[in-house]
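Contents: one structure, followed by commentary.
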Number of protein chains: 2
Amino acid sequence: MSVDQAAKRDIPDATVARLPGYLRALGQLTVQDVLSVSSEELAHSAGVSSAKLRKDLSHLGSYGVRGVGYDVAHLTYQISRALGLTHDWPVVIVGMGNLGRALASYGGFATKGFKVVALLDRDPQLVGERLDELTVQPMGELVSLVTPGEACIGVIATPAASAQDVADLLVAAGVSSILNFAATAIQVPEGVHMRKVDLSTELQILAFHEQQRSASVADELLEGAG
Amino acid sequence: MSVDQAAKRDIPDATVARLPGYLRALGQLTVQDVLSVSSEELAHSAGVSSAKLRKDLSHLGSYGVRGVGYDVAHLTYQISRALGLTHDWPVVIVGMGNLGRALASYGGFATKGFKVVALLDRDPQLVGERLDELTVQPMGELVSLVTPGEACIGVIATPAASAQDVADLLVAAGVSSILNFAATAIQVPEGVHMRKVDLSTELQILAFHEQQRSASVADELLEGAG
DNA sequence: ACGCTCTTGTGAACAAATGCACAAAGTCGC
DNA sequence: GCGACTTTGTGCATTTGTTCACAAGAGCGT
Ligand SMILES: NC(=O)c1ccc[n+]([C@@H]2O[C@H](COP(=O)([O-])OP(=O)(O)OC[C@H]3O[C@@H](n4cnc5c(N)ncnc54)[C@H](O)[C@@H]3O)[C@@H](O)[C@H]2O)c1
Ligand SMILES: NC(=O)c1ccc[n+]([C@@H]2O[C@H](COP(=O)([O-])OP(=O)(O)OC[C@H]3O[C@@H](n4cnc5c(N)ncnc54)[C@H](O)[C@@H]3O)[C@@H](O)[C@H]2O)c1
């Protein structure tokens with residue numbers, strides 16, 4: 001058993017970040033009743049190179065068959081296990097504005113190893129409102145919803161100004177992983193995992209590349225003229 | 001001027017991905033009327049190490065003053081320029097469901113160098129609906145909205161099943177940068193930039209770390225017992 | 001049984017990113 | 001002016017990630 005866990009222990013971050021993409025591609029193959037897939041094909045559907053895919057999978061163990069490829073069902077299981085998706089993780093969403101509602105009504109959670117267990121907002125006007133099986137609760141309920149020591153994922157969908165306060169409340173209640181949608185950096189204590197999803201960052205990165213493109217076009221014109 | 005552009009030309013990807021975060025931290029300092037900031041302070045607000053921040057900024061040029069720090073306004077300008085945010089980029093959003101509406105009504109675009117110029121959906125029921133100054137238009141309007149050669153950013157907020165089709169339409173219309181919110185990998189031709197924002201990927205990465213944590217706790221218990 | 005074909009898994013080379021540590025270059029008090 | 005002090009910018013070592021290229025292994029037809 002120690003071998004098994006040791007194998008999981010040092011999966012590179014870059015690999016972990018790509019595993020969900022492989023899982024999704026495998027899911028599409030599953031519904032198409034495809035039983036087996038080569039690294040080349042799977043890599044193409046996931047949008048990576050086949051060498052990268054094979055190296056990534058080699059970190060989980062040796063689950064392919066040389067000359068044949070990977071068994072779709074078995075690989076799906078192995079990746080799910082590596083990611084810790086063999087059981088559902090509870091998720092609480094804080095902030096029931098435009099984004100929070102969209103997230104709450106988004107069905108993609110349940111099928112992927114997560115279960116939204118609570119929706120919270122500090123606005124008394126929103127508390128009590130029903131959204132897809134769940135009732136919006138006041139912030140005070142947080143401590144009774146989260147059991148310290150038991151893993152729980154917190155999602156922040158409040159305005160940037162409240163994000164740090166909400167993060168502090170989540171951490172105090174015992175949440176150890178936070179996904180932040182607010183457009184601000186938040187500080188969390190050591191031991192709490194934090195990731196952010198940020199629209200404007202992504203757009204700005206795209207803008208950078210667009211600008212590079214137009215700059216190089218301009219340069220080529222100048223070079224042609226000079 | 002060639003020197004200037006050469007300096008911008010090879011900013012590492014990892015640096016580009018962090019620049020928006022610095023810009024945001026600088027924005028907060030600006031509203032607080034802070035005029036100057038050290039790498040240590042700015043790095044802390046942006047959630048990175050000061051060495052990383054300095055190395056990142058050094059790729060843009062030498063805009064700090066030794067012994068003092070960085071001028072907030074000037075650094076803001078330089079980063080904006082490096083990212084290509086000195087003028088607004090047009091953005092079209094396709095898919096006016098839960099997420100698309102949240103994005104459309106999100107004010108964060110305008111202040112950050114972007115302007116939503118069109119909302120599109122294929123559902124005739126939604127076409128014609130007004131959302132914040134804009135009317136939802138049918139997909140056929142795409143070609144008349146985008147001018148090939150002029151940069152435009154396309155945002156995909158349709159279900160996964162339609163994402164590839166929508167991407168193809170956007171590319172055909174002349175869009176050269178795409179931000180994909182749909183939970184699927186899409187293929188775009190060489191020369192088109194594509195980035196994705198994906199909730200379930202992020203949650204799965206958090207789940208991995210939670211699982212690592214519980215695995216190591218279990219290990220420690222075993223070790224203590226053995 | 002054997003050789004042919006196919007595809008995995010991985011060592012080794014390469015590239016990118018990070019972190020360290022300090023010289024260089026500025027400010028400020030005197 | 002000058003020396004003490006502060007903070008930047010960067011060369012270098014280290015770590016992390018990617019790509020290449022191919023040996024090892026599995027299936028299949030004969
Ligand atoms: N809407 C989008 O498309 C979008 C896109 C990208 C990022 N974001 C970010 O997501 C966040 C939410 O966006 P939105 O459009 O849903 O905002 P919103 O204003 O519609 O909703 C925010 C909600 O958070 C609640 N709230 C505020 N402070 C709180 C606190 N301290 N504790 C608990 N609840 C609190 C408010 O009552 C409100 O219901 C913002 O930070 C925004 O920048 C939104
Ligand atoms: N809602 C969320 O919180 C959330 C979170 C993460 C990811 N996502 C992803 O974002 C996407 C959209 O989610 P949603 O909840 O808004 O879905 P939705 O079903 O509410 O809306 C989808 C919209 O896209 C339109 N559409 C469908 N096919 C189209 C096509 N070919 N061309 C143009 N328009 C088309 C539909 O008419 C509909 O209005 C999904 O892929 C989902 O996985 C959503």
Side-chain angles (χ1 to χ4, degrees), chain A residues 3 6-22 25-26 29 34-72 74-76 78-79 82 205 208-209 212, chain B residues 3 6-22 25-26 29 34-72 74-76 78-79 82 205 208-209 212:
Chain A
V3 177
K8 284 200 223 165
R9 191 65 40 85
D10 53 349
I11 302 179
D13 284 350
T15 293
V16 173
R18 283 187 294 265
L19 291 179
Y22 303 153
L26 286 168
L29 293 172
V34 176
L35 298 180
S36 176
V37 68
S38 71
S39 63
E40 198 68 52
E41 292 167 310
L42 183 57
H44 183 256
S45 351
V48 301
S49 72
S50 65
K52 213 185 249 180
L53 171 74
R54 288 201 301 276
K55 176 77 88 188
D56 283 344
L57 295 185
S58 76
H59 288 112
L60 310 189
S62 189
Y63 301 123
V65 180
R66 292 171 194 231
V68 177
Y70 301 87
D71 179 81
V72 171
H74 188 231
L75 188 56
T76 300
Q78 290 300 342
I79 296 180
I205 294 170
F208 171 82
H209 291 295
Q212 293 290 98
Chain B
V3 177
K8 282 200 226 165
R9 190 67 39 86
D10 54 349
I11 301 178
D13 284 351
T15 294
V16 173
R18 283 187 294 265
L19 292 179
Y22 303 153
L26 286 167
L29 293 172
V34 176
L35 298 179
S36 176
V37 68
S38 71
S39 62
E40 198 68 51
E41 294 166 310
L42 184 57
H44 182 255
S45 345
V48 300
S49 73
S50 65
K52 213 185 250 181
L53 172 73
R54 288 201 299 278
K55 173 90 51 162
D56 283 345
L57 295 184
S58 77
H59 288 112
L60 311 189
S62 188
Y63 301 123
V65 180
R66 293 172 193 228
V68 177
Y70 300 87
D71 179 79
V72 171
H74 188 230
L75 188 56
T76 300
Q78 291 298 343
I79 296 179
I205 295 170
F208 171 81
H209 291 294
Q212 292 290 96

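Just so it is clear: chains get the letters A, B, ... in the order the sequence lines come, proteins before strands, and each one is counted from 1.
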- [ ] Using five base pairs at each end, measure the axis-to-axis angle across the helix from C/dA1-D/dT30 to C/dC30-D/dG1 and round it to 10 degrees.
- [x]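 The two end axes of the helix from C/dA1-D/dT30 to C/dC30-D/dG1 meet at 10°.
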Roughly how far, to the nearest 0.5 Å, is [atom2] of [Y] from [atom1] of [X]?
X	Y	atom1	atom2	value
B/Leu75	B/Ile79	CG	CD1	4.0 Å
B/His209	A/Asp13	NE2	CG	5.5 Å
B/Lys55	B/Ser39	NZ	OG	13.0 Å
A/Leu57	A/Leu42	CG	CG	7.0 Å
A/Tyr22	A/Lys52	OH	NZ	7.0 Å

Rounded to whole angstroms, how far apart are [atom1] on [X] and [atom2] on [N]?
X	N	atom1	atom2	result
B/His59	D/dG9	NE2	P	12 Å
B/Leu75	D/dG9	CG	C1'	14 Å
B/Glu41	D/dT8	CD	C1'	14 Å

TODO: Sugar-phosphate means primed atoms, P, OP1 and OP2; the rest is base. With that split, encode nucleotides 15-24 of chain D 5' to 3' as B, S or - using protein heavy atoms under 4.0 Å.
DONE: --SSB-B--B
Anything under 3.5 Å between a donor and an acceptor, one on a side chain of residues 65-72 of chain A, the other on a protein residue two or more places apart or in another chain? List them.
unit_1: A/Asp71; atom_1: OD2; unit_2: A/Ala73; atom_2: N; d: 3.4
unit_1: A/Asp71; atom_1: OD2; unit_2: A/His74; atom_2: N; d: 2.9

TODO: Not counting sequence neighbours, which residues clear side-chain hydrogen bond (donor to acceptor under 3.5 Å, both in side chains) with B/Thr76? List them please.
DONE: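 For B/Thr76, no residue satisfies side-chain hydrogen bond (donor to acceptor under 3.5 Å, both in side chains) once neighbours in sequence are set aside.
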Task: Those residues that, when tested against A/Ser45, pass side-chain hydrogen bond (donor to acceptor under 3.5 Å, both in side chains) (two or more places apart) - done: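 By the side-chain hydrogen bond (donor to acceptor under 3.5 Å, both in side chains) rule, A/Ser45 matches no residue at all.
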- [ ] Please find the earliest and latest nucleotides of DNA chain C, in the 5' to 3' direction, that have an atom within less than 4.0 Å of any heavy atom of chain A.
- [x]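 Answer, 5' to 3': C/dC6 to C/dA12.
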Open item on the list: Please give me the minimum heavy-atom distance between B/Ile11 and B/His59, naming the atom from each residue.
Closed with: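 Reported closest heavy-atom pair: CG1-O, 4.3 Å.
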Open item on the list: Atom NE2 of residue position B/His44 - does it have more than 12 heavy atoms of other residues, nucleotides or ligands inside 6.0 Å?
Closed with: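 At most 12 heavy atoms, drawn from other residues, nucleotides or ligands, come within 6.0 Å of this atom.
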